[in-house]
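Below: the structure, in structure tokens.
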Amino acid sequence: MSRAFRNRIPFLLVGIAISALFFHTFPIVADSSEPSATLPTRRVLLEDSSYATKATSKPDVVRVPGGVKGRRKRIVVTGGAGFVGSHLVDRLIERGDSVIVIDNMFTGRKENVLHHLRNPNFELIRHDVVEPILLEVDQIYHLACPASPVHYKYNPVKTIKTNVMGTLNMLGLAKRINARFLLTSTSEVYGDPLQHPQVETYWGNVNPIGVRSCYDEGKRVAETLSMDYHRGAGIEVRIARIFNTYGPRMSIDDGRVVSNFVAQALRKEPMTVYGDGKQTRSFQFVSDLVEGLMRLMEGDHVGPFNLGNPGEFTMLELAQVYVYTNLNYLASSSSYGEVSCVVVFI
Ligand SMILES: O=c1ccn([C@@H]2O[C@H](COP(=O)(O)OP(=O)(O)O[C@H]3OC[C@@H](O)[C@H](O)[C@H]3O)[C@@H](O)[C@H]2O)c(=O)[nH]1
């Protein structure tokens, strides 16, 4: 068994366990008219958004819709060598599109897109979106920004610069070449929400001067810029508010809870639960997110759109999933040795 494949197994098993827990908690036969007993939530996603702002009011400038049907699309993916970006690139290439990846390789890795390097429909450019760039494309997926709290807090000024100047540059490009633009925003724009679940019309409760503000507020400004370019210049914009995501190619040292627990289990270390572990999150598999991003780009919904899993779990429940997964994995793998099933609260 190759090392890469072995490293993927925990993600796979965790995915299966999370799905099992989800369907156990929210059986599909449940009457959807009955409000389900919900856990105390922090960032809950409402599946059926009433904020489906269809592009009814035509912008002043008549534009040719991005991605004209019937021919290969030219697409740029900023941050395309990262965890989510590289999966998106895989799907776009598979669909037959021509893809240019722009990445400064801060959290992106060449290995994530290595398998496309010989493909004539693929191009990798090492470039920081903080600097302008000129390209001819039909669509821009703007993902570039460190997304793990550990990474975005590492250089907060750079993070906010990436969100503000990077987004400005890419919107400027979209305007110049008349491309459709999709911003990957985040559930963190809701901050510490006072409303549950969070619908897209909720404006959030964000600390403007906290250690997470470079990301939260940076993405909020990026959303503002996107809508201003839409209203002012007729740019076709899409805004995806992404909830917690996991899957293969997540860096093992990413710092987010899923990769931390996987890494700790692999290293036979205790799993670190921050606080009392009662805080909740929803977790979606990366391929579901990518599907959502592509549908959002191709659809006509203007304005923010939540993309995530409606099922919520406490971090303690997640830790239990790992313990359960580890025990099962141990039972099926004699060569693997002991795996940590210990949880510590810090
Ligand atoms: O080892 C750990 C890591 C994290 N946690 C906890 O797990 C929860 C989730 O933390 P993560 O760092 O995985 O992710 P966060 O929810 O804080 O932020 C994420 O939210 C949505 C995405 O858009 C963002 O990219 C990402 O920042 C937090 O309550 C955190 O305190 C642990 O208990 N143990």
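Just follow the structure's listing: the first ligand is 1, and inside any ligand the first atom is 1. Start at 1 with the first residue, then count along the sequence.
Every atom of ligand 1 with a heavy atom of Tyr152 under 4.0 Å away is listed here by number and element: 27 (O). Below 4.0 Å from some heavy atom of Asn260 lie the following atoms of ligand 1, by number and element: 1 (O), 2 (C), 3 (C). Taking every heavy atom of Thr272 and a limit of under 4.0 angstrom, the matching atoms of ligand 1 come to 1 (O), 2 (C), 32 (C), 33 (O), 34 (N). Taking every heavy atom of Ser187 and a limit of under 4.0 angstrom, the matching atoms of ligand 1 come to 21 (C). Close contacts between ligand 1 and Val273 involve ligand atoms 33 (O) [criterion: under 4.0 Å to a heavy atom]. Contact atoms of ligand 1 toward Ala147: 24 (C), 25 (O), 26 (C), 27 (O) (distance under 4.0 Å to a heavy atom of the residue). Residue Thr186 has at least one heavy-atom neighbour below 4.0 Å for each of these atoms of ligand 1: 21 (C), 22 (C), 23 (O).
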> Asp253 and Arg267: salt bridge (Lys or Arg N to Asp or Glu O under 4.0 Å), yes or no, with the steps?
Replying inline: CA-CA 12 Å; Asp253 298 313; Arg267 292 170 187 154; 3.0 Å; yes
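Proximity of Arg256 to ligand 1, defined as any heavy-atom pair under 4.0 Å, is shared by backbone and side chain alike. Contact annotation for Arg241 and ligand 1: no heavy atom of the residue comes within less than 4.0 Å of the ligand. With a 4.0 Å heavy-atom cut-off, ligand 1 is reached by the backbone of Ile242 but not by any atom from C-beta on.
The aromatic ring centroids of Phe285 and Tyr246 lie less than 6.0 Å from each other.
Between the Glu131 side chain and the Asp128 main chain, no donor and acceptor come within less than 3.5 Å of each other. A distance-only check finds a donor-acceptor pair linking the side chain of Thr78 to the backbone of Ala144 [under 3.5 Å].
Ligand 1 has no nitrogen or oxygen under 3.5 angstrom from a nitrogen or oxygen of Phe261. When only interatomic distances are considered, the shortest N/O to N/O separation between Val258 and ligand 1 does not fall below 3.5 Å.
Taking the six-membered ring for Trp and thresholds of 30 and 60 degrees, Phe243 and Tyr190 have ring planes inclined between 30 and 60 degrees apart.
Checking Arg180, Arg95, Arg91 one by one against Glu298, the salt bridge (Lys or Arg N to Asp or Glu O under 4.0 Å) holds for a single residue, Arg95. Between Glu188 and the options Arg212, Lys219, Arg220, Arg281, a salt bridge (Lys or Arg N to Asp or Glu O under 4.0 Å) holds for only Arg212.
Listed here is the closest heavy atom pair of Ser226 and Ile239: CB-CD1, 4.1 Å.
Under the 3.5 Å distance criterion, with hydrogens and angles disregarded, a donor-acceptor pair is assigned to the side chains of Asp90 and His115.
The closest heavy-atom contact to atom 18 (O) of ligand 1, among the options Gln279, Glu188, Lys153, comes from Glu188.
By the rule that hydrophobic residues join a cluster once side-chain heavy atoms approach within less than 4.5 Å of another member, Ile252 and Val150 end up as members of separate clusters.
Proximity of Ser148 to ligand 1 is not established, as no heavy-atom distance is less than 4.0 Å. Residue contacts with ligand 1 include Arg212, since one of its heavy atoms falls under 4.0 Å from the ligand.
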